[in-house]
Amino acid sequence: MASCSISTSLLRFSLLRLIPKPSSSSIPLFPSISRKDPSRFRLFSASMASEPKESPSNNPGLHSIPDEATKGYFMQQTMFRIKDPKVSLDFYSRVLGMSLLKRLDFPEMKFSLYFMGYEDTVSAPSNATERTVWTFSQKATIELTHNWGTESDPDFKGYHNGNSEPRGFGHIGITVDDTYKACERFERLGVEFVKKPDDGKMKGIAFIKDPDGYWIEIFDLKTIGTL
């Protein structure tokens, strides 16, 4: 009986050795994604579509819960270098309606900073130090940086606006009551346009230039949601 059992086992082992092993090329690399089952693609796409575009699952690297250490952070300023403060201050105050929140001068380093924004300066402190603190507590201000002498230097070629090669910085954006009416006014004031509201495929928004060539997007809340 023992010899019969051993013989049977040897026979089975021999037969198993004769069965060809599947080649590595015949094993699908992604068995869950089969050409015969396109529904798997649809299920995957549906799950992506069910999530908002802004969700972390659709934006690799995005953290949905900010670090507790950043709780008091907010966007405070964007800085532009300007050639001539007289020209720039006129544009941002007269054309765009901003106010000068704070001016800081640095004689030893020969430059000045002008902080522009839409805050009501009536509420600004009269004390110089307190006004600085008040200015830096406001959101979304523009810091115009003037290096003394550029306004009268015949060899000064101006600053890179980010929209010529090599491209980098793009633009800031200003919300207005009505884009078309605002642009009609800008046109009367001689403002240079990059794009008027009805130019191109994106209707209802415009781009203008400030005196140094920086781009400014103009839009209103009635049309921005349709983009």
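Just so you know, these numbers use all the heavy atoms, side chains as well, and skip hydrogens, waters and symmetry mates. Computed from a prediction, not measured in an experiment: that's the story for all the values here.
A distance of 12.0 Å separates CZ in Phe80 from CD in Gln77, rounded to the nearest 0.5 Å. Taking NZ of Lys196 as the reference point, atom OG1 of Thr179 lies at 14.5 Å (rounded to 0.5 Å). Thr135 contributes atom OG1, which lies 11.5 Å from atom CG of Leu113 (distance to the nearest 0.5 angstrom). For the atom pair CG (Leu144) and CG (Leu89), the distance works out to 6.5 Å, reported to the nearest 0.5 Å. Distance check, rounded to the nearest 0.5 Å: CD of Glu51 to CG of Asn58 gives 6.5 Å. The OG1 atom of Thr78 sits 14.0 Å away from atom CE of Met116, with the distance rounded to the nearest 0.5 Å.
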- Between Lys209 and Val194, does a side-chain contact (heavy atoms from CB on, under 4.5 Å) hold up when you go through it step by step? CA-CA 7 Å; Lys209 288 184 179 182; Val194 177; 3.6 Å; yes
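Listed by chain and residue number, nothing satisfies the ring-ring contact (aromatic ring centres under 6.0 Å, His included) test with Tyr92 (two or more places apart in sequence, or in another chain). In this structure Lys102 satisfies the salt bridge (charged side-chain N to carboxylate O under 4.0 Å, His left out) test with no other residue, sequence neighbours excluded. Partners of Thr145 according to the side chain to side chain donor-acceptor pair (under 3.5 Å) rule, which considers only residues two or more places apart in sequence or in another chain, do not exist here. Residues forming a side chain to side chain donor-acceptor pair (under 3.5 Å) with Arg185 (at least two apart in sequence, or on another chain): none. Contacts of His171 classified as ring-ring contact (aromatic ring centres under 6.0 Å, His included), with partners at least two apart in sequence or in another chain: Phe207.
Two residues are said to be in side-chain contact when any heavy atoms from C-beta on lie closer than 4.5 Å; Asp84 and Thr150 fail this criterion. Considering only heavy atoms from C-beta on, Leu227 comes within 4.5 Å of Ile205 through its side chain. Residues Pro107 and Trp148 form a side-chain contact, since some pair of their non-hydrogen atoms from C-beta on lies under 4.5 Å apart. Residues Ile224 and Thr226 have side chains not in contact (no heavy-atom distance under 4.5 Å, counting atoms from C-beta outward). The side-chain heavy atoms of Leu100 and Tyr114, taken from C-beta on, include a pair separated by under 4.5 Å. For the pair Ile208/Glu192, no side-chain contact is recorded, criterion being any heavy-atom separation below 4.5 Å from C-beta on. Contact of the Ile174 side chain with the Met98 side chain is registered, since non-hydrogen atoms from C-beta on lie closer than 4.5 Å. Between Glu54 and Leu62 there is no side-chain heavy-atom pair separated by less than 4.5 Å.
In the hydrophobic clustering of this structure, Met79 does not group with Leu101; members are Ile, Leu, Val, Met, Phe, Trp, Tyr whose side-chain heavy atoms approach within less than 4.5 Å, directly or through other members. Cluster annotation: Leu189 and Val176 are assigned to the same hydrophobic cluster (Ile/Leu/Val/Met/Phe/Trp/Tyr, side-chain heavy-atom contacts under 4.5 Å, transitive). In the hydrophobic cluster analysis, where Ile, Leu, Val, Met, Phe, Trp and Tyr join through side-chain heavy atoms closer than 4.5 angstrom, Trp215 is grouped apart from Phe169. Residues Ile218 and Ile142 share a hydrophobic cluster, clusters being chains of Ile/Leu/Val/Met/Phe/Trp/Tyr side chains in contact below 4.5 Å.
Here salt bridge (Lys or Arg N to Asp or Glu O under 4.0 Å) pairs that include residues 72-83, with residues two or more places apart or in two chains, number zero. Applying the salt bridge (Lys or Arg N to Asp or Glu O under 4.0 Å) test to pairs two or more places apart or on separate chains, those with a residue in residues 211-227 are Asp178-Lys222. Applying the salt bridge (Lys or Arg N to Asp or Glu O under 4.0 Å) test to every pair with at least one member in residues 131-148, sequence neighbours left out, gives no pairs at all. Identified under the ring-ring contact (aromatic ring centres under 6.0 Å, His included) test for residues 174-196, with sequence neighbours left out: none.
Scanning all heavy atoms of the two residues, the minimum distance from Gly173 to Phe219 falls at CA-CE2, 4.0 Å. Minimum heavy-atom separation, Cys183 to Ala206: SG-CB, 3.5 Å. Thr223 approaches Gly204 most closely through the heavy-atom pair OG1-O, 3.5 Å.
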Only distances under 3.5 Å count here; give the side-chain donor-acceptor pairs of residues 117-124 to other protein atoms, sequence neighbours excluded, each with its distance to 0.1 Å.
| from | atom 1 | to | atom 2 | distance (Å) |
| --- | --- | --- | --- | --- |
| Tyr118 | OH | Leu96 | O | 2.7 |
| Asp120 | OD1 | Val122 | N | 3.0 |
| Ser123 | OG | Asp120 | O | 2.8 |

If you look only at distance, which donor and acceptor atoms sit under 3.5 Å apart when one is on a side chain in residues 152-159 and the other is two or more places apart or in another chain?
| from | atom 1 | to | atom 2 | distance (Å) |
| --- | --- | --- | --- | --- |
| Ser152 | OG | Gly149 | O | 3.4 |
| Asp153 | OD1 | Asp155 | N | 2.9 |
| Tyr159 | OH | Asn147 | ND2 | 3.3 |

Distance-only criterion, 3.5 Å: show the donor-acceptor pairs between side-chain atoms of residues 64-74 and protein atoms not counting sequence neighbours.
| from | atom 1 | to | atom 2 | distance (Å) |
| --- | --- | --- | --- | --- |
| Asp67 | OD1 | Ala69 | N | 2.8 |
| Thr70 | OG1 | Asp67 | O | 2.7 |

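Within a 6.0 Å sphere centred on CG of Asp177, heavy atoms belonging to other residues, nucleotides or ligands number 12 at most.
A salt bridge links Asp90 with Arg94: the distance from a Lys NZ or Arg NE/NH1/NH2 to an Asp or Glu carboxylate oxygen falls below 4.0 Å.
Checking side-chain atoms of Asn59 against main-chain N and O of Lys53 turns up a donor-acceptor pair under 3.5 Å. Between the Ser137 side chain and the Trp134 main chain, a donor and an acceptor come within less than 3.5 Å of each other. Side-chain atoms of Thr141 come within 3.5 Å of backbone N or O of Gln76 as a donor-acceptor pair. Side-chain atoms of Thr132 come within 3.5 Å of backbone N or O of Ala128 as a donor-acceptor pair.
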